[in-house]
Amino acid sequence: MSQGKFKYFPLVLSAPSGGGKTVVRSGLLKLSKKFAFSITCTTRAKRPGEADGRDYFFVTAEQFGKLRREGKLLEWAVVHGKYYGTPVKSVMTVLNKGRIPVMTIDVKGARSVKRLFPEAVTVFLLPPDLKTLVRRLRGRGEAPGGMKLRLKTARAELREAPKFDYLVINDKLNAAVREVAAIAELETRKTCRSMDRINKFSRQLAGRKP
Ligand code: ADP
Ligand code: 5GP
């Protein structure tokens with residue numbers, strides 16, 4: 001998928017469950033209008049406090065299958081036994097508005113996005129240590145069974161971490177948010193993303209009378 005005509009690029013945040021994707025995303029959205037959430041869809045049940053169209057598009061397995069067959073998902077994965085997928089439209093709408101789609105997706109999804117969108121920037125978030133992760137999962141109300149499953153999945157997720165472009169340690173939340181924002185800012189300065197500016201200047205120079 002070519003992304004050359006867009007000002008920005010998708011910013012993918014992955015982490016083990018409880019690693020801080022949701023809160024870092026909220027922090028980015030508060031920090032700057034440049035960032036926008038690209039809403040994904042899932043077949044899992046809505047949790048208390050979640051809203052359809054805000055946190056996720058909550059769909060049935062049949063609706064998910066139809067979206068997949070019709071090629072409307074940029075990527076999809078099964079996480080903890082439920083289907084999750086990113087609608088192409090969610091990402092394109094944000095890119096077309098000249099903003100950065102923040103994608104909080106699992107490690108398999110991140111790999112698919114990078115394959116389809118080589119310009120995407122991938123960030124792996126990690127709490128400072130396991131004790132902190134367990135404390136945060138408990139604080140979020142994770143039951144012992146859910147905790148066991150999430151920590152088991154975390155092992156496989158960590159094996160994928162070296163494939164990400166950046167690693168951010170999510171110790172103090174504000175610092176982690178600022179680091180991710182700084183990464184996005186630096187990425188916009190890459191020469192490969194700024195060829196239009198360089199070419200414009202070259203054309204001005206070429207047109208200048210001696
Ligand atoms: P994820 O979306 O990756 O599963 P969350 O963003 O839901 O993780 O974070 C898991 C829990 O840890 C939440 O209760 C959140 O408020 C808390 N948390 C995340 N990052 C921090 C942090 N830096 N400091 C304190 N609590 C945090
Ligand atoms: P939760 O059910 O806790 O909201 O999310 C479970 C996992 O699914 C998280 O790692 C989350 O980032 C991931 N996820 C959410 N939406 C998508 C998506 O569209 N695609 C993929 N691949 N993963 C997703």
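In each ligand, atom 1 is the first atom listed, and ligand 1 is the first ligand listed. One is the number of the first residue; the rest follow in order along the sequence. Given the structure is predicted, the values throughout are model-derived calculations rather than measurements.
A salt bridge (charged side-chain N to carboxylate O under 4.0 Å, His left out) with Glu187 holds for exactly one of Arg193, Lys7, Lys34; it is Arg193.
Among residue pairs with one or both ends in residues 58-68, those qualifying as salt bridge (charged side-chain N to carboxylate O under 4.0 Å, His left out) are Lys66-Glu70; sequence neighbours excluded.
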Tabulation required: pairs of a nitrogen or oxygen in ligand 1 and a protein nitrogen or oxygen under 3.5 Å; columns are atom names and distance to 0.1 Å; otherwise 'none'.
from, atom 1, to, atom 2, distance (Å)
ligand 1, 2 (O), Thr22, N, 3.0
ligand 1, 2 (O), Thr22, OG1, 2.6
ligand 1, 3 (O), Gly19, N, 3.4
ligand 1, 3 (O), Gly20, N, 3.0
ligand 1, 3 (O), Lys21, N, 2.9
ligand 1, 3 (O), Lys21, NZ, 2.9
ligand 1, 4 (O), Gly18, N, 2.8
ligand 1, 4 (O), Arg140, NH1, 2.8
ligand 1, 6 (O), Thr22, N, 3.2
ligand 1, 6 (O), Val23, N, 3.0
ligand 1, 7 (O), Arg140, NH1, 3.1
ligand 1, 8 (O), Gly20, N, 3.1
ligand 1, 20 (N), Asn170, ND2, 3.0
ligand 1, 23 (N), Arg136, NH2, 3.4
ligand 1, 23 (N), Asn170, OD1, 2.7
ligand 1, 23 (N), Asp171, O, 2.8
ligand 1, 23 (N), Leu173, N, 3.3
ligand 1, 24 (N), Arg136, NH2, 3.3

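Other residues, nucleotides and ligands contribute over 12 non-hydrogen atoms within 6.0 Å of the NZ atom of Lys163. Counting heavy-atom neighbours within 6.0 Å of Lys72 NZ, excluding the residue itself, gives a total of 12 or less.
Both Ile183 and Leu29 belong to a single network of hydrophobic side chains, linked directly or stepwise wherever heavy atoms of I, L, V, M, F, W or Y lie under 4.5 Å apart. Cluster annotation: Leu13 and Phe35 are assigned to the same hydrophobic cluster (Ile/Leu/Val/Met/Phe/Trp/Tyr, side-chain heavy-atom contacts under 4.5 Å, transitive).
Protein residues with any heavy atom under 4.0 Å from ligand 2: Lys21, Thr40, Arg44, Arg47, Tyr56, Glu75, Ala77, Val79, Tyr84, Gly85, Thr86, Thr104, Ile105, Asp106, Gly109.
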Tell me which donor-acceptor pairs under 3.5 Å the side chains of residues 91-102 have, and how far apart each pair is, sequence neighbours excluded?
from, atom 1, to, atom 2, distance (Å)
Thr93, OG1, Lys89, O, 2.6
Asn96, ND2, Met92, O, 3.1
Arg99, NE, Lys33, O, 2.7
Arg99, NH2, Lys33, O, 3.0

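Using cut-offs of 30° and 60° on the angle between ring planes, the pair Phe124 and Phe164 is perpendicular.
Of the inter-residue distances, the one linking Ile105 atom CD1 with Ser112 atom OG reads 7.5 Å to the nearest 0.5 angstrom.
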